[in-house]
Amino acid sequence: MSELRALLFDVDGTLADTERDGHRVAFNRAFKEAGLDWDWTVPLYGELLAVTGGKERIQHYLDLHRQDFSMNGDLTQYIADLHAAKTRFYTEMLGQGSIPLRPGIERLFREAREQGLKLAIATTTTVENVETLINHTLGSEALSWFDVIGAGDVVPHKKPAPDIYFYVMEQLGLAANQCLAFEDSENGIKATHGSKLTTVITINDYTRDHDFNGAALVLDQLGEPDAPFQVLQGDVGKHTYFNMELAKTIHHHFQ
Ligand code: XBP
Ligand code: MG
């Protein structure tokens with residue numbers, strides 16, 4: 001029986017509700033700045049989220065909705081430039097402090113650290129976006145709370161491929177049975193299951209109808225002592241919010 005040594009967190013949708021009012025808006029600003037009439041509405045963006053990674057998502061949109069799009073030059077570079085502009089708009093938005101962490105995230109980070117566990121990030125978004133989110137929600141000293149930030153193009157295949165989780169565990173020097181992962185989406189749980197990690201899901205509006213078969217727990221949020229979670233799947237015993245005691249129980253049970 002292995003001891004729980006680390007908590008691994010997805011970012012978008014899990015640490016914060018970043019997609020609808022963050023990434024989506026930033027993509028649209030980048031399109032406008034480039035003189036494009038592309039408009040990613042809330043429902044369209046929900047469909048486009050099927051593909052992770054901003055550059056990959058733009059390519060997916062072109063394939064599905066803009067087959068007539070043509071340009072001079074290198075399309076890969078064009079998309080990379082659009083995406084860089086999107087990252088600029090997105091980090092500006094984060095800098096305005098408009099996107100808070102989800103309930104229970106900061107509390108769980110602190111509790112895990114007090115108990116000597118490692119914290120790590122496994123995300124498809126860029127490291128720039130992760131660092132800016134952490135800076136503007138927890139303060140710059142909180143970056144040192146994370147032993148590994150696995151992000152973006154550091155692995156060749158983004159989620160649902162398990163690569164980013166394998167990368168993070170390798171960097172931590174830990175095996176899957178020593179870790180617990182936190183995700184919000186079907187692509188996320190495919191990645192954690194591909195790397196044999198036990199997974200806790202906190203849903204959001206874009207992911208509530210996803211297939212979370214095999215998740216250890218599916219919750220609406222991690223909750224707080226004065227703001228209980230709703231349990232959508234799994235057994236939480238007497239707990240009304242997610243804390244380290246529940247993390248250890250879940251980890252023990254699913255080994
Ligand atoms: C998040 C994503 C990301 C963001 C955009 O997936 O799919 O692509 O939407 O980020 P996950 P970038 O939460 O499963 O990691 O534009 O920086 O790629
Ligand atoms: Mg996510």
Side-chain angles (χ1 to χ4, degrees), residues 8-31 34 38 40 42 44-62 76 79-94 99 101-102 105 120-134 148-168 181-195 197 199-212 215 218-222:
L8 318 185
F9 291 88
D10 169 50
V11 174
D12 295 304
T14 302
L15 295 192
D17 256 322
T18 50
E19 294 291 8
R20 194 191 67 181
D21 302 327
H23 288 294
R24 184 186 69 87
V25 174
F27 279 112
N28 282 332
R29 286 185 186 161
F31 300 154
W38 306 349
W40 288 5
V42 171
L44 171 61
Y45 193 66
E47 291 165 30
L48 297 174
L49 281 172
V51 171
T52 64
K55 296 189 286 283
E56 293 80 354
R57 188 167 300 140
I58 294 170
Q59 181 64 60
H60 177 63
Y61 171 72
L62 288 177
T76 306
I79 291 175
D81 291 345
L82 262 184
H83 187 251
K86 177 259 170 182
T87 299
R88 173 164 46 81
F89 284 117
Y90 180 71
T91 51
E92 261 170 42
M93 290 169 73
L94 291 178
I99 303 186
L101 295 181
R102 293 191 69 186
I105 292 289
I121 296 288
T123 179
T124 61
T125 200
T126 59
V127 72
E128 217 174 326
N129 290 350
V130 180
E131 291 184 351
T132 311
L133 177 71
I134 290 168
V148 181
I149 295 183
D153 298 324
V154 72
V155 289
H157 303 292
K158 293 184 178 168
K159 300 173 192 175
D163 304 26
I164 194 70
Y165 281 101
F166 283 132
Y167 169 84
V168 167
F182 294 81
E183 274 285 356
D184 72 304
S185 71
E186 194 167 331
N187 277 325
I189 198 169
K190 282 182 178 157
T192 56
H193 282 173
S195 47
L197 282 156
T199 310
V200 174
I201 298 288
T202 50
I203 59 157
N204 57 60
D205 282 347
Y206 273 133
T207 67
R208 62 179 65 250
D209 296 325
H210 285 192
D211 179 0
F212 294 122
V218 182
L219 308 169
D220 68 331
Q221 49 156 329
L222 294 180

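In each ligand, atom 1 is the first atom listed, and ligand 1 is the first ligand listed. Hydrogens, waters and symmetry mates are skipped; everything else that's a heavy atom, side chains included, is used. Along the sequence shown, residues are numbered consecutively beginning with 1.
- With salt bridges taken as basic N to acidic carboxylate O contacts below 4.0 Å, one links Glu183 and Lys159.
- With 2.8 Å as the limit, Glu183 does not count as an N, O or S neighbour of the Mg ion (ligand 2).
- Among protein heavy atoms, the minimum distance from atom 7 (O) of ligand 1 is reached at Arg57 NH2, 2.5 Å.
- Close approach of ligand 1 to Thr123 (heavy-atom distance below 4.0 Å) involves ligand atoms 15 (O).
- Remark: minimum distance from atom 8 (O) of ligand 1 to any protein heavy atom is reached at Gly53 N, 2.8 Å.
- The single protein non-hydrogen atom nearest to atom 14 (O) of ligand 1 is Lys159 CD, 3.5 Å, given as residue, atom name and distance.
- At least one N or O atom of Glu19 sits closer than 3.5 Å to an N or O atom of ligand 1.
- Considering backbone and side-chain atoms alike, Asn129 places an N or O below 3.5 Å from some N or O of ligand 1.
- Close N/O approach between Asp10 and ligand 1 is found [any backbone or side-chain N/O within under 3.5 Å].
- Annotation: atom 2 (C) of ligand 1 to nearest protein heavy atom, Thr124 OG1, 3.1 Å.
- Of all atoms in ligand 1, listed by their number and element, those nearer than 4.0 Å to a heavy atom of Lys86 are 5 (C), 10 (O), 12 (P), 16 (O), 17 (O).
- Protein heavy atom in closest approach to atom 18 (O) of ligand 1: Gly54 N, 2.6 Å.
- Looking at Asp12 and Asn129, their side chains never come closer than 4.5 Å, going by heavy atoms from C-beta outward.
- Tested against Lys158, the residues Thr124, Asn187, Thr52, Asp153 include a single side-chain hydrogen bond (donor to acceptor under 3.5 Å, both in side chains) partner, Asp153.
- By the 3.5 Å distance cut-off applied to N or O atoms, Thr125 is counted among the residues near ligand 1.
- At under 3.5 Å, not a single nitrogen or oxygen of Phe27, backbone or side chain, sits near a nitrogen or oxygen of ligand 1.
- Of all atoms in ligand 1, listed by their number and element, those nearer than 4.0 Å to a heavy atom of Thr126 are 17 (O).
- Here's the thing with Lys158: none of its N/O atoms is less than 3.5 angstrom from an N/O atom of ligand 1.
- Between the side chains of Arg29 and Tyr90, not a single donor N or O lies within less than 3.5 Å of an accepting N or O.
- Restricting Asp184 to its N/O/S atoms, the shortest distance to the Mg ion (ligand 2) is reached by OD1.
- In this structure the side chain of Asp10 reaches within 4.5 angstrom of the side chain of Tyr165, judged on heavy atoms.
- Heavy-atom proximity to Asp12, at under 4.0 Å, picks out these atoms of ligand 1: 1 (C), 3 (C), 4 (C), 13 (O).
- With rounding to the nearest 0.5 Å, the separation of CD in Glu186 from CG in Asp211 is 5.0 Å.
- A distance of 5.0 Å separates CE of Met93 from CD1 of Ile99, quoted to the nearest 0.5 Å.
- Not a single donor-acceptor pair under 3.5 Å links the side chain of Thr123 to the backbone N or O of Ile121.
- Nearest N/O/S atom of Asp10 relative to the Mg ion (ligand 2): this is OD2.
- Between Ile189 atom CD1 and Leu197 atom CG the span is 10.5 Å, to the nearest 0.5 Å.
- Close approach of ligand 1 to Tyr45 is summarised as follows: ligand atoms under 4.0 Å from at least one heavy atom of the residue are 9 (O).
- Restricting Asp12 to its N, O or S atoms, the one at the least distance from the Mg ion (ligand 2) is O.
- The aromatic rings of Phe27 and His83 sit tilted relative to each other, their planes meeting at an angle between 30° and 60°.
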